[in-house]
2 protein chains.
Amino acid sequence: MAASTLSEVARLAGVSLATASRVLNGSSRKPAEDIADRVRQAADKLGYVPNAQAQALAKSSSGLIGLIVHDIADPYFSAIARGVQGAAREQNRMVLLASTSGSPAEEREAVAAFAARRADSIVIAGSRSARDEDALANAGLAAELDRYCRNGGHVGVVGHPVVGASTTEGYRVVEVPNEELAADLARELADSHDAGFVVVAGPEGLFTSDDRVRGFQRGLAEAGRPAAEVIRTGFNRAGGYDAGLALAERITSAKDRLCIFAVNDVMAIGVTAALRSKGVWIPRDATIAGFDDIETLRDFRPALSTVFLPLEEIGRLAAGATEGGSVTGSVKLRRSTEVPAGDPA
Amino acid sequence: MAASTLSEVARLAGVSLATASRVLNGSSRKPAEDIADRVRQAADKLGYVPNAQAQALAKSSSGLIGLIVHDIADPYFSAIARGVQGAAREQNRMVLLASTSGSPAEEREAVAAFAARRADSIVIAGSRSARDEDALANAGLAAELDRYCRNGGHVGVVGHPVVGASTTEGYRVVEVPNEELAADLARELADSHDAGFVVVAGPEGLFTSDDRVRGFQRGLAEAGRPAAEVIRTGFNRAGGYDAGLALAERITSAKDRLCIFAVNDVMAIGVTAALRSKGVWIPRDATIAGFDDIETLRDFRPALSTVFLPLEEIGRLAAGATEGGSVTGSVKLRRSTEVPAGDPA
DNA sequence: CTGTTAGCGCATTCAC
DNA sequence: GTGAATGCGCTAACAG
C-alpha cells in the first residue's frame with residue numbers, strides 16, 4: 001500500500017510539511033490562498049490520499065465505530081446495522097463490523113480488536129446471555145469492555161447492560177421494553193383467545209428471550225389467565241421449526257386450540273413452516289405471534305402478528321446519534337392471530 | 001483513547017521496547033521464556049492493548065477489508081456481507097462497512113475512505129450502473145479504484161467489472177452468470193407456460209437487472225416464444241409493488257394469463273403483495289418467479305420460484321477467500337409457477 | 001538472544 | 001503566515 005505522502009506533496013508544492021497539512025486537512029490556521037492552491041494542485045496531481053492511520057495516530061481518534069452482531073445476515077441485526085451505519089455517516093465515521101455467533105468469547109475478541117484499532121465507540125447489538133457456561137467468558141467480556149471504557153471508549157448496548165460491568169462510565173444503554181411489550185401483547189391476545197397459550201422461547205439465559213417470556217407470562221396473569229407452557233429451543237428459524245414440529249403433533253392429536261407466542265419473528269416463521277408441513281393451518285387450526293416486526297417478513301401470509309420495534313432507530317441511538325436512550329414499540333395484531341369467526345376460540 | 005503503550009510495558013518488565021514487541025506480537029525471533037513471561041505479566045497488569053493503527057503504520061498493512069453495499073439491510077447484501085465477514089475472519093482481518101444507496105458518487109467516497117485507511121482490499125457488492133446520468137460519477141469511481149489498485153490495493157467486484165477501469169491489475173471479478181441463469185429460467189418456464197410473459201425489471205442501465213432481462217428474453221427466444229414486455233421500476237420491494245398494481249389491473253380486466261419474472265426476489269415479493277391486495281392470486285390467476293433465492297424469503301407462500309445464487313460464497317470469493325473466480329446457481333421451480341391443473345396455462 | 005536506532009505519515013507545538 | 005522540530009505507538013534493521 002504505497003501511496004504518495006504529505007511530504008511529497010509539500011515538496012512538489014514547494015512548501016513545508018506543516019503548511020501542506022494545514023491546507024489539506026482542516027486546521028484553524030489558514031494559509032494564503034495562492035499557496036493553498038499550489039498545494040491542492042500538487043496533491044491532486046500526485047493523487048494524494050491522506051493516511052487515516054497516521055492521522056489517527058497523530059491525533060489519537062480513529063473515526064471508527066465498532067459494531068458487534070451475532071449474524072449480519074439475520075434481518076434483525078441487519079436492520080440495526082443500517083441504523084448504526086446511518087449514524088456513523090452523520091458523524092463522519094466508518095463502521096467496523098464483527099459477527100460473533102453470539103459467543104461471549106468471540107465478542108470479547110471483537111472488543112479487543114476494536115480497542116486495538118482505537119475505535120471511538122463500540123455498539124453491541126446482540127443479546128447477552130447469563131448461562132452458567134458463559135459466566136467465565138462474560139466476565140472476560142465485561143473486563144475487556146471496562147478497560148476499553150476506562151481508556152476513554154464509549155460503548156452502546158442494545159437491550160441490557162453488560163453483565164458484570166463494574167461501572168456505568170462510558171456505557172450507553174438503549175433500553176428496549178421487551179418485557180412491557182410482551183405483556184401488552186399477551187393482554188391483547190388474551191382478549192380474543194380462549195385457547196391455551198404456548199411460548200416458543202430461546203435458550204434459558206438469553207436476556208432478550210427471557211424478558212419476553214417473563215413479560216408475556218405477566219400479561220397473561222394480569223388478564224387472569226394461567227401461565228403458558230414454555231418450550232426452549234434455538235433462537236432462530238431452525239429452532240422455531242423444531243418447536244413447530246413438536247407442536248403440530250399436539251395440535252392435531254389433542255385438537256387443543258393453541259395460541260403460540262414465538263419470542264421473535266424469525267422463530268415464528270419457522271414454527272409456521274413446520275406446522276404447515278404437518279397440515280396445521282394458521283390461523284385456522286392455531287394462532288401465532290412473533291416479535292420484532294421484521295420488515296422483510298411483513299409480506300408473509302398469513303400476516304404475522306408481532307410487536308414492532310424501531311430497529312433502525314435503536315441502531316442509531318446505540319451509535320450515539322442522539323442522547324436519548326430509550327425507545328418504544330407497539331403491538332401489531334394481524335391475520336395470524338385472528339380467530340376464525342364462529343370458532344370456539 | 002489513552003491506553004498503556006508498549007514502552008510502558010517494556011519499562012515495567014525491565015526490558016527494551018524491541019523485546020516487548022517481539023514477545024507480545026508474533027515475531028520470528030523468540031525471546032527467552034522467563035523474560036517473555038515477565039513481559040506478558042506486565043502487559044496483563046497494565047491492560048496493554050496494541051495499537052493497531054501504529055502497527056499498520058509501521059508495517060503498512062492495515063488488516064482491513066472494505067465492503068461496499070447499497071443497503072446492508074437488504075437481505076441480498078447482508079447475505080454477501082456474511083460471506084465477506086467469514087473470509088475476513090479467516091484472514092484475520094476486520095471488515096469496514098459502507099452503504100451507498102447505490103450512488104456511484106457515494107461509492108467513490110467510500111473507496112477513498114477505504115484507501116485512506118489503507119484497507120488491504122475492497123469488495124464492491126452492489127451492481128454498477130451504466131446510466132448516462134451516472135457517467136461522470138462512474139468515471140470518478142473508476143479513477144479512484146484505479147488509483148487504489150495502482151497503490152497496491154486489491155478490489156473484488158461481484159458481477160461485473162468496474163465501468164471504465166483502465167486496468168485489470170488488482171481486480172478480481174466474481175462472475176455471476178445472471179444472463180445464463182435467467183435464460184435457463186425462461187426456458188423452464190416456457191415448458192410449462194402457454195401464457196404471455198412479463199418482466200418486472202430495475203431501472204435501465206443497472207447491469208444486474210439488464211443481464212437478467214437479456215438472459216430471460218434470450219431463453220424465451222430459444223424456446224420459440226415472443227419477447228416479453230419489460231416494465232421498468234425500482235430495484236426493490238417498493239418498485240415491485242408499484243409494478244404489481246399496474247399488472248393487477250391488466251390481469252383482472254383482460255383476463256390474460258400472465259407469467260411474471262421479477263428480476264429479484266424482493267421485487268417479486270412486492271409484486272405478489274400488490275397483486276394480492278387486488279385480489280389476484282398466485283398461482284391461480286398468474287404465476288411469478290424471482291431471482292436470488294433469498295433465505296429469509298424461502299418460507300414465503302406460495303413458495304417463490306427463483307434462481308438460487310450462492311450469495312455467501314460470492315462474498316467469500318470477492319473477499320479473496322480463494323482464487324477461484326466464478327460461481328454457479330440453479331433454477332428452483334416452486335409453487336408460484338405451478339400452473340393449476342386443467343387450466344389453460 | 002537482546003538493546004539501539006531509525007523511520008512509518010501526519011498533527012502540532014514552537015520559533016521565525 | 002510559514003517552517004523546523006517533536007512525538008503519536010510500533011516494527012524492523014541494525015549493532016552488541
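Below, chains carry the letters A, B, ... as their sequence lines are ordered, and counting in each starts from 1. What you see below is based on every heavy atom in this structure, not just the backbone, and it leaves out hydrogens, waters and symmetry mates.
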message = Side-chain N or O of A/Thr19 versus OP1/OP2 of D/dG3: is the shortest distance under 4.0 Å?
response = yes

Whole-Å gap separating P (D/dG3) and CZ (A/Arg22) = 8 Å

request  = May I have the distance from B/Lys59 (atom NZ) to D/dT11 (atom P), rounded to whole angstrom?
outcome  = 6 Å

note = Per atom distances to the A/Ala18 side chain, the nearest of D/dA4, D/dC8, D/dC10 is D/dA4

query = Contact class for B/Ile35 (heavy atom, under 4.0 Å): base, sugar-phosphate, or nothing?
reply = sugar-phosphate

message = As a test of reading the structure: which of C/dG3, C/dG9, D/dA4 is closest to the side chain of B/Leu57, going by heavy atoms?
response = C/dG9

Length of the CD-C1' vector between A/Glu33 and D/dT2, whole Å = 16 Å

query = Once you round it to whole Å, what is the distance between C1' of D/dG1 and CG of A/Asp34?
reply = 11 Å

key: C/dG9 OP1/OP2 closer than 4.0 Å to side-chain N/O of A/Thr5   = no

task = Would you kindly check whether a donor in the side chain of A/Arg118 faces an acceptor in the base of D/dG9, or vice versa, at under 3.5 angstrom?
result = no

Phosphate contact (D/dT11 OP1 or OP2) by B/Ser21 side-chain N/O below 4.0 Å = yes

key: From CG (A/Asn151) to OG (B/Ser4), nearest 0.5 Å   = 6.5 Å

request  = Quick one: list whatever passes ring-ring contact (aromatic ring centres under 6.0 Å, His included) with A/Phe207, sequence neighbours left out.
outcome  = A/His160

ask   = In whole angstroms, how far is the C1' atom of D/dC10 from the CG atom of B/Leu6?
value = 7 Å

query = A/Glu8 has an atom CD; how far is it from atom C1' of C/dC10, in whole Å?
reply = 13 Å

query = For B/Leu24 and D/dT11, what is the distance between atoms CG and P respectively, to the nearest whole Å?
reply = 9 Å

key: Any donor-acceptor pair under 3.5 Å from A/Ser101 side chain to A/Ser103 backbone   = no

Side-chain donor-acceptor pairs under 3.5 Å in residues 36-43 of chain A, sequence neighbours left out?
from: A/Arg38; atom 1: NE; to: A/Ala13; atom 2: O; distance (Å): 3.0
from: A/Arg38; atom 1: NH2; to: A/Ala13; atom 2: O; distance (Å): 3.0
from: A/Arg40; atom 1: NH2; to: A/Glu33; atom 2: OE2; distance (Å): 3.0

key: Whole-Å gap separating C1' (D/dG7) and CG (A/Leu17)   = 14 Å

message = Within the supplied structure, the quantity of interest is the number of heavy atoms (other residues, nucleotides, ligands) at a distance under 6.0 Å from B/Asp34 CG; does it exceed 12?
response = yes

inquiry  = Is A/Gln55 close enough to C/dA11 that one of its side-chain N or O atoms is under 4.0 Å from OP1 or OP2 there?
reply    = yes

